[in-house]
Amino acid sequence: MHVLILGGTTEARRLAELLAAPPAAALPGLRVTNSLAGRVTAPRLPPGDVRVGGFGGAEGLAAWLREHTVDALIDATHPFAKKISFNAAHAAATAHVPLLALRRPGWVPVAGDDWHETHSLEGAAKLLPALGRRVFLTSGRMGLAAFAGLDELWFLMRSVDAPEPPHPARMEVLLDRGPFTLDGERQLLRRHAIDVVVTKDSGGAATAPKLTAAREAGLPVVVVRRPPVPEAVRVVAEPEQALDWIRDVQGSGLFPESG
Ligand code: NAP
């Protein structure tokens, strides 16, 4: 059985690790290919085969599925990677390959949070001047152009790789990748005298401590809500559930058993 995982997330890596470890590794004839977009210079590589780079749209992905006789497709990409998720839905339908989305749930505010929700980075940029002057920007290095005109604000921008222009004029870059600790986030907010935080609703535990630290410090947080997901695709939140789904596909006879 050949499983293709569209990855680039903690969950995708955790699933690949699960599939490589017993007893999942004992699934008959299981072969796993992990696909990465190639955005990060030195990605953390999951176990199993790894391919890097785009497929050439939904048609390219469908052709890849057929050519490499993929039996099950798992879209474990980031909740904000909208294009590849729609491509996966389209390609799975045309190539008749079962598809599962592995997607971590979004964050929900709790008592004491001061969240300001929007649906785009541009929307976040519009909200900022009324909320603070020293911004902790954690929405990633892509899309920084949305904040480029905000010359009166200062930004601390944290990302895995260095950003490219256009970006805000007054900006310090912090190269780092999660998981982050609550204590580390508290210190960071204090050290840089941050008075507002910007985040995408990425969900998950690895980058959530900034939300707790902001709540404790009474800071407003601009939360960019998720883009829509393809309809009619089954979604699970945990890698273990994806493993169960793979077992179901294997048991369903939807692919030729290699024995
Ligand atoms: P996107 O806008 O949905 O995808 C743009 C194009 O990149 C896709 O059309 C596809 O090219 C290629 N691509 C995306 N993910 C791929 C994958 N796993 N394997 C092969 N090709 C892929 O995605 P994005 O927002 O640029 O994100 C790119 C990757 O970074 C994703 O894999 C995602 O999991 C990861 N990531 C994204 C974010 C975020 O905030 N967006 C955060 C953390 C990690 P073709 O059309 O040529 O196939």
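Position 1 is the first residue of the sequence, and the numbers go up from there. Note that ligands are numbered from 1 as they come in the structure, with each ligand's atoms numbered from 1 the same way.
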* **R134 with E172: basic N within carboxylate O range, under 4.0 Å** => no
* Asked: Hey, does the side chain of W107 reach the backbone of G204 with a donor-acceptor pair shorter than 3.5 angstrom?
  -> yes
* To do: Among all protein heavy atoms, pick out the one at the shortest distance from atom 47 (O) of ligand 1; state its residue, atom name and that distance to 0.1 Å.
  => G56 N, 2.9 Å
* Asked: Which bit of V52 gets closer than 4.0 Å to ligand 1, counting heavy atoms only: side chain, backbone, both or neither?
  -> neither
* Applying a strict 4.0 Å limit to heavy atoms, is L36 in contact with ligand 1? -> yes
* **ligand 1 atoms in contact with N87 (distance to a heavy atom under 4.0 Å)** => 9 (O), 46 (O)
* Salt-bridged, E11 to R103, with N to O below 4.0 Å? -> no
Identify every side-chain donor-acceptor pair in residues 52-68 under 3.5 Å, counting partners at least two apart or on other chains, and give the distances.
residue: H68; atom: ND1; partner: W64; partner atom: O; Å: 3.1

* **Residues that, via side-chain heavy atoms closer than 4.5 angstrom, fall in one hydrophobic cluster with V40** => V160
* Does R215 offer a backbone N or O that forms a donor-acceptor pair with the side chain of D113 under 3.5 Å? -> no
* **Where ligand 1 meets K82 - atom numbers and elements under 4.0 angstrom, heavy-atom basis** => 3 (O)
* Asked: Who's the nearest protein heavy-atom neighbour of atom 25 (O) of ligand 1, and how far?
  -> A81 CA, 3.6 Å
* **Close-contact set for ligand 1 against G54 heavy atoms, below 4.0 Å** => 11 (O), 21 (N), 45 (P), 47 (O), 48 (O)
* Of the side chain and backbone of H78, name the one, both, or neither that has a heavy atom under 4.0 Å from an atom of ligand 1. => both
* Asked: So does E164 pair up with R141, basic N to acidic O under 4.0 Å?
  -> no
* Structure fact -> Atoms of ligand 1 under 4.0 Å from any heavy atom of G53, numbered from 1 in the order shown, are 20 (C), 21 (N)
* To do: Provide, to 0.1 Å, the distance between atom 2 (O) of ligand 1 and the closest protein heavy atom, together with that atom's residue and name.
  => K83 CB, 3.8 Å
* To do: Any atoms of ligand 1 less than 4.0 Å from a non-hydrogen atom of S35? List them with their elements.
  => 17 (C), 18 (N), 19 (N), 20 (C)
* **Which residue and heavy atom of the protein sit nearest atom 32 (O) of ligand 1, plus the separation** => G7 O, 2.9 Å
* Would you say the side-chain atoms of D201 pair up with the backbone N or O of R226, donor to acceptor, closer than 3.5 Å? -> no
* Closest protein heavy atom to atom 26 (O) of ligand 1, given as residue, atom name and distance to 0.1 Å -> R39 NH2, 2.8 Å
* Specify the protein heavy atom at minimum distance from atom 10 (C) of ligand 1: its residue, its atom name, and the distance to 0.1 Å. => I84 CD1, 3.9 Å
* Atom indices of ligand 1, in the order listed, that fall short of 4.0 Å to a heavy atom of K200 -> 39 (C), 40 (O), 41 (N)
* **Atom indices of ligand 1, in the order listed, that fall short of 4.0 Å to a heavy atom of G57** => 45 (P), 46 (O), 47 (O), 48 (O)
* Asked: Counting each atom of ligand 1 from 1 as listed, which ones have a heavy atom of T77 under 4.0 Å away?
  -> 18 (N), 32 (O), 34 (O)
* Passing option when E185 is tested against K210, R190, R158 for salt bridge (Lys or Arg N to Asp or Glu O under 4.0 Å) -> R158
* Asked: Is there a donor-acceptor pair under 3.5 Å between the side chain of D161 and the backbone N or O of T41?
  -> yes
* Structure fact -> the protein heavy atom lying closest to atom 13 (N) of ligand 1 turns out to be A37 CB, 3.7 Å
* Identify the closest protein heavy atom to atom 35 (C) of ligand 1: which residue and atom is it, and at what distance? -> G8 O, 3.8 Å
* Please confirm whether R51 comes under 4.0 Å of ligand 1, counting heavy atoms of the residue only. => yes
* Report yes or no: does H192 contribute a side-chain atom to a donor-acceptor pair with the main-chain N or O of I194 at less than 3.5 Å? => no
* Asked: Can you check whether V198's main-chain N or O pairs, donor with acceptor, with S139's side chain at less than 3.5 Å?
  -> no
